[in-house]
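Here the structure comes first, spelled out in C-alpha cells, and everything after it is commentary.
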Amino acid sequence: MSDVFCTDCKRQTEVVFDHSAGDTVCSECGLVLESHSIDETSEWRTFANESGDNDPVRVGGPTNPLLTDGGLSTVIARPNGASGEFLSSSLGRWQNRGSNPDRGLIVAFKSIATMSDRLGLVATIKDRANEIYKGVEDQKSSRGRNQDALLAACLYIACRQEDKPRTVKEICSVANGASKKDIGRAKEYVVKQLGLEKGQSVEMGTIHAGDFMRRFCSNLGMNNQAVKAAQEAVQKSEEFDIRRSPISIAAAVIYIITQLSDDKKPLKDISVATGVAEGTIRNSYKDLHPYVFKIIPNWYAKEEDLKNLSSP
C-alpha cells in the first residue's frame with residue numbers, strides 16, 4: 001500500500017492496487033482513483049535460471065548448454081496437412097538451406113525425453129542421459145549403429161548413475177523396437193566410449209535388490225505391510241552370499257512374502273510385474289529358501305508358516 005491524494009476524502013489516504021483489474025482503490029472510501037493501469041514491472045517467473053541470470057523477465061525458453069546455439073534457434077513448422085508443398089515453398093527452401101549442426105542432437109534429446117516421460121523418470125535422469133549421449137556423439141564414432149538402442153542405453157546408464165536403476169526390460173519397453181540384446185550391446189559400447197573420452201572407467205553405480213522392491217510391489221498392488229516386510233527381507237538377504245542378480249532376488253522375495261499372506265500372487269503375475277522369467281524366480285527361490293528363517297521378519301510370519309512354505 002502507498003499514500004495517494006483521494007478526491008473524495010480530500011486528503012492523503014492509503015490506496016490498494018487491484019492487480020487483477022488494474023485499479024487503484026482508496027482503502028477508506030473505496031473510490032477507484034485510477035483504472036486499467038498497466039503493470040510495467042517484470043514478471044516473477046523466470047526461464048533463465050540455467051544460465052545464472054536472475055533477471056525475472058519472460059523472454060523465451062530455457063537455454064540448453066549441450067547445444068551450440070543454446071537451444072534458442074527457430075524452426076519453421078510444417079503447415080497442417082502440407083507435404084511436398086512446404087519443401088517447394090520459399091520458407092521450406094530457406095529452412096533446408098540453413099545448416100543446423102544440432103539437428104541430430106535435438107531429435108535425440110526429444111526421443112530421450114519421450115522415453116523418460118513414459119517411464120516416469122525425473123528431469124535429472126533425462127538431463128544426465130542427454131549428457132551421456134552428447135559425450136558419445138562428440139566422438140563421431142556412432143555412425144551406423146542402432147540409434148534407438150543407443151538412446152535407450154544412455155537412459156539405462158543415467159538411471160544407474162543417478163541411483164534410480166531400471167531393468168533393461170523396462171527400458172526396452174519404451175525403446176521404439178530395440179531389443180534387450182541391442183540395448184545390452186549399445187550399453188557396452190557407450191561405457192567403452194565414455195571411458196576413452198575420460199581416460200578412466202565409467203562408474204555405473206551398484207544395483208541393490210531394494211532399488212526395485214517398492215516399484216515391483218506397487219505393480220502387484222501389495223498392501224503396505226507386505227511391502228514393508230519385503231523391503232526388510234531383501235535388505236537382510238544382502239548379508240548372505242546368494243549368487244543371484246538383485247532383480248531375481250527381489251522377485252523371489254516378493255514370491256515368498258505373498259505366499260505368506262492372504263493375498264497370494266501367482267508366479268506368472270510376479271514374473272510380469274518384475275520382468276523376471278518364471279524359471280529364474282524358481283531357481284532364485286531355491287537359493288533363498290535356506291535363509292528364509294533369517295531374512296523374513298518375525299513380526300510378519302511365524303516359524304510354522306515358514307516351515308510350510310511351498311515352492312513355486
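In this chain, numbering begins with 1 at the start of the sequence shown.
Using a 4.0 Å cut-off between a side-chain N of Lys or Arg and a carboxylate O of Asp or Glu, Glu170 and Arg215 qualify as a salt bridge. Note on Glu278 versus Arg282: salt bridge recorded, some NZ/NE/NH1/NH2 to OD/OE distance being below 4.0 Å. Contact check on Lys134 versus Glu131 returns no salt bridge, with no Lys/Arg side-chain nitrogen under 4.0 Å from an Asp/Glu carboxylate oxygen. Under 4.0 Å is where a charged nitrogen must lie from a carboxylate oxygen, and between Lys264 and Asp262 no such pair does. Salt-bridge formation is not detected for the pair Lys307/Asp305: no Lys NZ or Arg NE/NH1/NH2 atom is positioned less than 4.0 Å from an Asp or Glu carboxylate oxygen.
The backbone N or O of Val25 sits nowhere less than 3.5 Å from a side-chain atom of Asp23 that would complete a donor-acceptor pair. Side-chain atoms of Thr274 do not come within 3.5 Å of backbone N or O of Phe216 as any donor-acceptor pair. Listed for the Gln12 side chain is a donor-acceptor partner under 3.5 Å among the backbone atoms of Phe5. The closest donor-acceptor contact from the side chain of Thr13 to the backbone of Cys9 lies at 3.5 Å or more, if one exists at all. Side chain of Ser248 to main chain of Arg244: no donor-acceptor pair is present (N/O by atom type, distance under 3.5 Å, no hydrogens or angles). Panel note: side chain Ser284, backbone Thr280; a donor-acceptor pair is recorded below 3.5 Å. At distances below 3.5 Å, not a single donor-acceptor pair connects side-chain atoms of Tyr133 with backbone N or O atoms of Leu105. The main-chain N or O of Leu220 is found under 3.5 Å from a side-chain atom of Lys265 such that the two form a donor-acceptor pair. Distance alone, capped at 3.5 Å, is enough to place a donor-acceptor pair between the Thr114 side chain and the Lys110 backbone. A donor-acceptor contact shorter than 3.5 Å is absent between the side chain of Asp127 and the backbone of Thr124.
Annotation: the span from Cys26 atom SG to Leu31 atom CG amounts to 7.0 Å, rounded to 0.5 Å. In this structure, Asp269 CG and Asn219 CG are separated by 11.5 Å, a value rounded to the nearest 0.5 Å. In this structure, Leu151 CG and Ile183 CD1 are separated by 10.5 Å, a value rounded to the nearest 0.5 Å. Interatomic distance, Asn130 CG to Phe109 CZ, rounded to the nearest 0.5 Å: 4.5 Å.
Looking only at side-chain heavy atoms (C-beta outward), Glu28 and Arg11 come within less than 4.5 Å of each other.
The minimum heavy-atom distance linking Ala209 with Ala250 is given by the pair O-CB, 3.9 Å. A pairwise comparison of heavy atoms in Ile207 and Pro246 identifies O-CG, 3.5 Å as the closest pair.
Within 6.0 Å of the CD atom in Glu239, the count of heavy atoms belonging to other residues, nucleotides or ligands exceeds 12.
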